[in-house]
S.K.: 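The structure under discussion is supplied below as structure tokens; questions concerning it will follow.
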Amino acid sequence: MTLSVDDIVAGCRTAMTEHTPPLAVRDVLDEIVADPAALECALGPVELGGISTVYNADDLTILRVAWTPGMAINPHEHRMWAVIGMYGGTEDNAFYRRAAHGLEAAGGKEVETGDVLVLGDDVIHSVANSHTDFAVALHVYGGDFFTVERSEWDFETYDERPRDFERTRRIFEDANARWRGQG
Ligand SMILES: [Fe+2]
């Protein structure tokens, strides 16, 4: 069966009407990531790391996120629930708690191809790809990912600052340049 972007959006939209949307979205993603080839067909191949918008509305955002080998993104929060469905490679997630000064580490989880991870709206995490393949996932958020105000933290000092998409874009760009240089 052919999967389309419309199918992905429709599946998530229906899940939003369920009693517990993030769990319903998890079930939708479980099914979708079980066939990575169909998903890649629908979204196109990954050539470089980056964030592509599949769908964006006030109450729902769907992104395709490809983490370049060797890259890491600093700790950040979303202030909305998120469901991450891996369909290529492995995401290394590290979790944090707010502390008196900045953050303290609170465990981690490797999310592998076929895994689906649900994050509550107060989760703070950083993501790395320490592997040799792109880590590719469908990220579904219960809100408008691009406009909600939220924080990120410096990787080294754990200083809190407003989320900075321009900085994130540069992290992807630098990682892609390094990856190309190795090719
Ligand atoms: Fe995140």
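One-based numbering, in listed order, for ligands and for the atoms of each. Counting from 1, the numbers follow the sequence of the chain as shown. Values below: every heavy atom of this structure, side chains too, minus hydrogens, waters and symmetry copies.
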S.K.: Is it the case that the side chain of N176 and the backbone of G49 share a donor-acceptor pair, with hydrogens and angles ignored and the cut-off at 3.5 Å?
M.R.: yes
S.K.: Keeping to distances under 2.8 Å, can you name the protein N/O/S atoms close to the Fe ion (ligand 1)?
M.R.: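 Metal shell, protein only: H76 NE2, H78 NE2, H125 NE2.
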S.K.: Taking the inter-plane angle between the rings of H76 and H78 on a 0 to 90° scale, is it parallel (under 30°), tilted (30 to 60°) or perpendicular (over 60°)?
M.R.: perpendicular
S.K.: Measuring only between side-chain heavy atoms, which start at C-beta, is V33 closer than 4.5 Å to M86?
M.R.: no
S.K.: Less than 4.0 angstrom from a charged side-chain N to a carboxylate O is my criterion; do R170 and E173 meet it?
M.R.: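 Here R170 does not pair with E173 in a salt bridge, since their nearest N and O are not under 4.0 Å apart.
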S.K.: Is E149 paired with R163 through a side-chain N to carboxylate O contact shorter than 4.0 Å?
M.R.: no
S.K.: Which residue pairs pass the salt bridge (Lys or Arg N to Asp or Glu O under 4.0 Å) test with at least one member in residues 9-23, sequence neighbours excluded?
M.R.: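 Passing the test, one end in residues 9-23: R13-D59.
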